[in-house]
J.: 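Quick one: the structure is below, and I'll ask about it shortly.
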Amino acid sequence: MTTTHQTVRKAVIPAAGLGTRFLPATKAMPKEMLPVVDKPAIQYVVEEAVKVGLNDVLMITGRNKRALEDHFDRVPALEATLAAKGDTAKLESIQAASNLGDIHYVRQGDPNGLGHAVLRARQHVGNEPFAVLLGDDLIDARDELLSTMIEVQAKTGGSVVALIEVEPDQISAYGCADVEEIEGESYVRIKKLVEKPDIDEAPSNLAVIGRYVLHPSVFDVLERTGPGRGGEIQLTDALQDLAAGDGAGDGVYGVVFRGRRYDTGDKLSYLKACVQLAIDSDDLGPGLREWLPGFTAGLSK
């Protein structure tokens, strides 16, 4: 087994999507800026990367995404106003976003799929392993996932995907993994990946979610990967090639995540995520827990 001695230092966050599932809210505002309790979804993702030492963050953006850059930039006039009022809590909250890490931006241009978006990171990433975090999946800060994936990548020298177990009738909404156990290890080897299979064609109930730690050889594969499902360049197709290979950087492995994950990919799951995170918050949680039972009891009537 090939072992890499390179350290994962960089995170890539694709954020060029049009957010059509949230229209009209996203007509003038990026979907990544939709608030989840009191922070935009994209901030949770950047905080997750920085927490495990990935302070070099590249966002793949598109048109009408300037709000992302503005959010992570300083606003001296606002800071001065809050300081003058003595509003330390709010001042610290806005400064936290601008002090998270070294954040860079590049535009995707043509919206040709996740694989194409990741390929746009090639010049910034260079020849080293890197993490990809999708903004639709929020991982609870109290649970370990990305750090475990980085450890598995260092041990195997290949690429690593995050997996969750889903109900069979849900698998068509995900990339699906056919896996084999590795004796003595807590991670699995990926034998095959299928993008959004029908329920009768799915090799398992293990779904790929939006966390990856990739070997840089994925860029060469993406360069020669043609359009796949939906007419777009699919990252899943490139990973399938790497899973089937036996050269340097080949091999794809999976970490099965059983912690707390919040899906913000559509309106209903977004609302559920807001409620789940609000209930766990110190300031809103007590009041929300007190109010919810009466509200739900009224629904049953």
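Source: prediction; values computed, not measured. Worth knowing before you read on, the calculation uses all heavy atoms, side chains too, and leaves out hydrogens, waters and symmetry mates.
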J.: With side chain to side chain donor-acceptor pair (under 3.5 Å) as the criterion, how do His215 and Asp250 come out once you've worked through the C-alpha distance, each side chain's angles and the decisive distance to 0.1 Å?
T.: CA-CA 8 Å; His215 188 276; Asp250 285 335; over 6 Å; no
J.: Does CD belonging to Glu180 count more than 12 external heavy atoms closer than 6.0 Å?
T.: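 Yes, enclosed.
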J.: Which is it for Val75 and Ile94 under the side chain to side chain contact (heavy atoms under 4.5 Å, CB included) test, yes or no, and what are the steps along the way?
T.: CA-CA 9 Å; Val75 189; Ile94 65 167; 5.5 Å; no
J.: How long is the straight-line distance from CG of Leu82 back to CD of Glu92, given to the nearest 0.5 Å?
T.: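 Result: 11.0 Å between the selected atoms.
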J.: Do Gln234 and Leu239 pass the side chain to side chain contact (heavy atoms under 4.5 Å, CB included) test, and can you show the C-alpha distance, the side-chain angles, and the key distance before you say yes or no?
T.: CA-CA 9 Å; Gln234 298 290 349; Leu239 291 173; over 6 Å; no
J.: Would you say CG of Asp73 has more than 12 non-hydrogen atoms from neighbouring residues, nucleotides or ligands within 6.0 angstrom?
T.: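 Atom CG in Asp73 is crowded, with more than 12 foreign heavy atoms closer than 6.0 Å.
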J.: Within a 6.0 Å radius of atom CZ on Arg289, are there more than 12 heavy atoms belonging to other residues, nucleotides or ligands?
T.: yes
J.: Might you point out which heavy atoms bring Gly254 and Leu163 nearest each other, and give the distance in Å?
T.: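 Heavy-atom minimum between the residues: CA-CD1, 4.0 Å.
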J.: Run the side chain to side chain contact (heavy atoms under 4.5 Å, CB included) test on Ile279 and Leu292 for me, step by step, so that the C-alpha distance in whole Å, both residues' side-chain angles and the decisive distance to 0.1 Å come before the verdict.
T.: CA-CA 10 Å; Ile279 284 178; Leu292 269 176; 3.5 Å; yes
J.: Before giving the answer on side chain to side chain contact (heavy atoms under 4.5 Å, CB included), spell out for Val161 and Ile209 the whole-Å C-alpha distance, their side-chain angles and the decisive distance to 0.1 Å.
T.: CA-CA 8 Å; Val161 301; Ile209 60 171; over 6 Å; no
J.: Are side-chain N/O atoms of Gln108 and His116 paired as donor and acceptor at under 3.5 Å?
T.: yes
J.: Any idea how Phe219 and Phe130 line up, ring-wise: parallel (<30°), tilted (30 to 60°), or perpendicular (>60°)?
T.: parallel
J.: Are Asp87 and Lys85 within salt-bridge range, i.e. N to O under 4.0 Å?
T.: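 Salt bridge: no.
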J.: Are the side chains of Leu100 and Gln43 in contact, using a 4.5 Å heavy-atom criterion?
T.: yes
J.: Is any side-chain heavy atom of Leu133 closer than 4.5 Å to a side-chain heavy atom of Val46?
T.: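 No, side chains not in contact.
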J.: Once rounded to the nearest 0.5 Å, what's the spacing between atom NZ of Lys51 and atom CD of Glu48?
T.: 8.0 Å
J.: Less than 4.0 Å between a side-chain N and a carboxylate O, is that true for Arg258 and Asp143?
T.: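 So Asp143 does not pair with Arg258 through a salt bridge.
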J.: From the options Leu145, Ile139, Leu138, select the one residue that forms a side-chain contact (heavy atoms from CB on, under 4.5 Å) with Arg261.
T.: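 Per the side-chain contact (heavy atoms from CB on, under 4.5 Å) rule, the option paired with Arg261 is Ile139, out of Leu145, Ile139, Leu138.
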J.: Are side-chain heavy atoms of Glu223 and Leu119 found at a separation under 4.5 Å?
T.: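 Yes; the side chains approach each other to less than 4.5 Å.
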J.: How many angstroms lie between atom CG of Leu288 and atom CD of Gln276, to the nearest 0.5 angstrom?
T.: 11.5 Å
J.: Flag yes if Leu34 and Val45 sit in one hydrophobic cluster, no otherwise; membership is Ile, Leu, Val, Met, Phe, Trp, Tyr, and two members link when side-chain heavy atoms are under 4.5 Å apart.
T.: yes
J.: Is it true that, when you exclude Asp282 itself, more than 12 heavy atoms of the residues, nucleotides or ligands shown sit nearer than 6.0 Å to its CG?
T.: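 No, CG of Asp282 has 12 or fewer neighbouring heavy atoms, counting only those of other groups under 6.0 Å.
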J.: Test your reading of the model: is there a side-chain donor-acceptor pair from Glu69 to the backbone of Tyr105, 3.5 Å cut-off?
T.: no
J.: Report yes if some heavy atom in the side chain of Ile13 is under 4.5 Å from a heavy atom in the side chain of Ile60; otherwise report no.
T.: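 No, their side chains stay 4.5 Å or more apart.
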J.: Provide the closest heavy-atom pair for Val252 versus Ala243 in the form atom of the first, atom of the second, distance.
T.: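 Between these two residues, the closest heavy atoms are CG2-N, 3.6 Å.
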J.: Roughly how far apart are Arg74 CZ and Glu79 CD, rounded to 0.5 Å?
T.: 4.0 Å
J.: Please say yes or no: joined through hydrophobic side-chain contacts below 4.5 Å, possibly via intermediate residues, are Leu18 and Met59 part of one cluster?
T.: no
J.: Say whether, by atom type as modelled, one donor and one acceptor occur between the side chain of Asp198 and the main chain of Glu201 under 3.5 angstrom.
T.: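 Pair absent, no side-chain N/O of Asp198 close to backbone of Glu201.
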J.: Are any of the side-chain heavy atoms of Val218 and Leu222 separated by less than 4.5 Å?
T.: yes
J.: Would you say Leu91 and Leu78 make side-chain contact, with heavy atoms under 4.5 Å?
T.: no
J.: Once you round to the nearest 0.5 Å, how far does OH of Tyr212 lie from OG of Ser159?
T.: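 Between atom OH of Tyr212 and atom OG of Ser159 there are 11.5 Å.
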J.: Of the non-hydrogen atoms in Ser204 and Cys176, which two are nearest, and what is the gap between them?
T.: O-SG, 3.3 Å
J.: Would you confirm whether Arg9, through its side chain, and Asp56, through its main-chain N or O, come within 3.5 Å as a donor-acceptor pair?
T.: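 Side chain of Arg9 to backbone of Asp56: no pair is present.
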J.: Salt bridge check: are Arg211 and Asp137 linked by an N-O gap of less than 4.0 Å?
T.: no
J.: Do Val160 and Val255 have side-chain heavy atoms sitting under 4.5 Å apart?
T.: yes
J.: Checking salt bridge (Lys or Arg N to Asp or Glu O under 4.0 Å) for the pair Asp280/Arg260: CA distance, chi angles, key distance, verdict?
T.: CA-CA 12 Å; Asp280 283 342; Arg260 288 159 286 199; 5.3 Å; no
J.: With no hydrogens and no angle check, is any side-chain donor or acceptor of Ser172 less than 3.5 Å from a backbone partner on Pro197?
T.: no
J.: Which atom names give the shortest non-hydrogen contact between Ser281 and Pro286, and what distance separates them?
T.: O-CD, 3.9 Å
J.: Within this structure, what is the CD1-CG distance for the pair Ile190 and Asp178, rounded to the nearest 0.5 Å?
T.: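 With rounding to 0.5 Å, CD1 (Ile190) is 8.5 Å from CG (Asp178).
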J.: Ignoring hydrogens and geometry beyond distance, is a side-chain donor-acceptor pair present between Glu144 and Ser147 at under 3.5 Å?
T.: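 Ser147 and Glu144 do have a side-chain donor-acceptor pair below 3.5 Å.
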J.: Would a hydrophobic clustering, with Ile, Leu, Val, Met, Phe, Trp and Tyr connected at side-chain separations under 4.5 Å, put Leu268 with Phe22?
T.: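 Per the 4.5 Å side-chain linkage, Leu268 and Phe22 are not co-clustered.
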J.: Between Val166 and Ala207, which heavy-atom pair has the shortest distance, and what is it?
T.: CG1-CB, 3.9 Å
J.: Side chain of Lys10, backbone of Leu54: donor and acceptor closer than 3.5 Å?
T.: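 No; zero donor-acceptor contacts below 3.5 Å.
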J.: Are Val194 and Ile199 grouped together when hydrophobic residues (ILVMFWY) are joined by side-chain heavy atoms under 4.5 angstrom apart?
T.: no
J.: State whether Arg189 and Glu181 are salt-bridged, where the test is any N-O pair (Lys NZ or Arg NE/NH1/NH2 against Asp/Glu carboxylate O) under 4.0 Å.
T.: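 The answer is no: the pair does not qualify as a salt bridge.
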J.: Does Trp291 belong to the same Ile/Leu/Val/Met/Phe/Trp/Tyr cluster as Val275, with side-chain heavy atoms less than 4.5 Å apart forming each link?
T.: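 Yes, because Trp291 and Val275 connect within a single hydrophobic cluster, where side-chain heavy atoms sit under 4.5 Å apart.
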J.: May I ask you to decide whether Asp220 forms a salt bridge with Arg122, counting only side-chain N to carboxylate O separations under 4.0 Å?
T.: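 Salt bridge: yes.
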J.: Between Leu206 and Glu165, is any pair of side-chain heavy atoms under 4.5 Å apart?
T.: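 Counting from C-beta outward, Leu206 and Glu165 do come under 4.5 Å.
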J.: Would you confirm whether Thr26, through its side chain, and Met29, through its main-chain N or O, come within 3.5 Å as a donor-acceptor pair?
T.: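 Looks like no, no N/O pair under 3.5 Å.
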J.: Nearest heavy-atom pair of Thr236 and Glu195: which atoms, and what distance?
T.: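 Distance-wise, the nearest heavy atoms are OG1-OE1, 2.6 Å.
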J.: Should the pair Lys196 and Tyr174 be classed as cation-pi, given the thresholds of under 6.0 Å to the six-membered ring centre and 45° from the axis?
T.: no
